[in-house]
Amino acid sequence: MYVPHFNAMDDPDDIRAFVESIGSAELVTMGADGTPVATLLPILWSVDGATVVAHMARANAHWRQIADHSRCLAIVAGPQAYISPSWYAAKAEHGRVVPTWNYSAVHLSGTVLVHDDPEWVRDAVTRLTDHHEQRRDQPWAVTDAPEAYIDKNLKAIVGLELSVERVEAKAKLSQNRSDADRAGVVAGLRAEGGDPAVAEAMDV
């Protein structure tokens with residue numbers, strides 16, 4: 001990932017909070033013929049940052065193309081928006097402005113292992129579910145459903161375990177612009193229907 005110093009997301013707590021707020025990643029691996037293959041998956045990043053667990057539909061041919069411990073990239077993509085040069089205060093001052101695209105993303109790269117073991121998959125699904133349900137007043141649990149029903153659904157998926165070797169994080173939010181330009185972008189996004197999450201991330 002290309003990360004200019006002013007776009008770097010350096011704080012580990014901020015990176016983790018970002019990944020957890022999105023909760024999913026585009027898993028990219030290489031097929032046997034060298035063609036990239038990608039699938040969007042719910043993910044859970046371990047507390048120590050060493051692993052990511054996920055699961056994929058058994059009917060998805062992607063997992064059958066994954067060799068154990070092969071290289072992979074998990075792309076966690078956040079809010080993004082087109083930025084019009086018309087929003088910059090600098091447009092009225094000197095006109096030397098061009099469009100750009102604001103976004104935030106985290107790349108987790110390393111190796112991946114497929115788990116086709118029902119108990120491993122059950123544990124992964126339980127942890128993923130518990131993580132996302134914990135914020136609710138009455139969390140749903142895997143054990144709330146009939147056991148036979150859960151067993152049937154577990155047979156329809158396989159597990160994935162990513163060993164994370166590198167974390168790259170970028171928040172391209174007009175940090176290289178003046179305060180006046182940034183304020184103009186925030187106002188423009190809010191007035192013209194841009195992603196409000198981008199405006200909120202900039203307005204700090």
Side-chain angles (χ1 to χ4, degrees), residues 1 3 9 12-80 103-136 139-145 149-171 195 197-198 201:
M1 179 193 290
V3 187
M9 202 188 304
D13 291 337
D14 289 345
I15 296 172
R16 176 165 293 279
F18 174 84
V19 171
E20 291 189 357
S21 72
I22 303 301
S24 64
E26 197 82 40
L27 176 66
V28 183
T29 63
M30 297 296 287
D33 63 354
T35 301
V37 184
T39 300
L40 184 68
L41 302 170
I43 63 167
L44 182 61
W45 194 10
S46 66
V47 174
D48 63 6
T51 59
V52 169
V53 297
H55 59 79
M56 183 181 293
R58 184 176 296 276
N60 186 342
H62 184 175
W63 73 272
R64 298 183 185 276
Q65 301 179 51
I66 299 174
D68 283 350
H69 306 294
S70 57
R71 307 298 303 175
C72 70
L73 171 64
I75 303 171
V76 183
Q80 53 186 292
Y103 63 92
S104 298
V106 170
H107 287 187
L108 306 172
S109 56
T111 61
V112 60
L113 181 65
V114 175
H115 288 277
D116 195 9
D117 168 48
E119 290 311 308
W120 193 98
V121 176
R122 181 188 297 272
D123 179 67
V125 168
T126 298
R127 284 191 286 152
L128 271 160
T129 301
D130 290 349
H131 175 72
H132 289 291
E133 288 281 337
Q134 67 182 338
R135 303 174 183 85
R136 304 187 63 248
W140 183 89
V142 171
T143 52
D144 288 350
Y149 178 77
I150 294 297
D151 289 344
K152 178 181 178 181
N153 279 271
L154 289 174
K155 292 176 181 176
I157 60 177
V158 297
L160 296 165
E161 182 179 13
L162 286 65
S163 294
V164 180
E165 299 174 358
R166 183 171 60 181
V167 178
E168 299 170 293
K170 179 177 183 177
D195 191 324
V198 176

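Computed from a predicted structure; not experimentally measured. For the single chain, residues carry numbers from 1 onward in sequence order.
With rounding to the nearest 0.5 angstrom, the CG atom of D14 is 12.0 Å from the CZ atom of R16. To the nearest 0.5 Å, the span separating CG on L108 from CD on E165 amounts to 11.5 Å. Distance CD/E26 to NE2/H107: 10.5 Å, rounded to 0.5 Å. Here N153 contributes atom CG and H55 contributes atom NE2; the two are 10.5 Å apart, rounded to the nearest 0.5 Å. The distance from atom CG of L40 to atom CE of M56, rounded to the nearest 0.5 Å, is 10.0 Å.
In the displayed structure, R166 atom CZ is contacted under 6.0 Å by at most 12 heavy atoms of other residues, nucleotides or ligands.
W45 places a side-chain heavy atom less than 4.5 Å from the side chain of V164. Side chains of S163 and L113 form no contact here, defined as non-hydrogen atoms less than 4.5 Å apart. By the 4.5 Å heavy-atom criterion applied to side chains, I157 and R58 are not counted as neighbours. By the 4.5 Å heavy-atom criterion applied to side chains, D195 and Q80 are not counted as neighbours. Side-chain contact between V28 and V37 is absent, with no heavy atoms from C-beta onward closer than 4.5 Å. Within the 4.5 Å cutoff, the side chain of H132 has no heavy atoms near those of the P139 side chain. Q65 places none of its side-chain heavy atoms less than 4.5 Å from the side chain of T29. With contacts defined as side-chain heavy-atom distances shorter than 4.5 Å, the pair L162/L27 qualifies.
T35 meets the side chain to side chain donor-acceptor pair (under 3.5 Å) test with D33; sequence neighbours excluded. Annotation: side chain to side chain contact (heavy atoms under 4.5 Å, CB included) contacts of R122 (sequence neighbours excluded): E119, T126, I150, D151, L154.
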Audit row: L44, V52, side chain to side chain contact (heavy atoms under 4.5 Å, CB included) steps and yes/no:
CA-CA 5 Å; L44 182 61; V52 169; over 6 Å; no
Given side chain to side chain contact (heavy atoms under 4.5 Å, CB included), test V76 with I43 step by step and report yes or no.
CA-CA 10 Å; V76 183; I43 63 167; 4.1 Å; yes
I'd like to know whether D116 forms a side chain to side chain contact (heavy atoms under 4.5 Å, CB included) with W63, so could you lay out the CA-CA distance, the side-chain angles of the two residues, the decisive distance to 0.1 Å, and finally the verdict.
CA-CA 10 Å; D116 195 9; W63 73 272; 4.3 Å; yes
Before giving the answer on side chain to side chain contact (heavy atoms under 4.5 Å, CB included), spell out for E161 and V112 the whole-Å C-alpha distance, their side-chain angles and the decisive distance to 0.1 Å.
CA-CA 6 Å; E161 182 179 13; V112 60; over 6 Å; no
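With hydrogens and angles ignored, the 3.5 Å screen pairs no side-chain donor or acceptor of E20 with any backbone N or O of A17. Without hydrogens or angle criteria, S70 side chain to I66 main chain gives no donor-acceptor distance under 3.5 Å. With hydrogens and angles ignored, the 3.5 Å screen pairs no side-chain donor or acceptor of T51 with any backbone N or O of S46.
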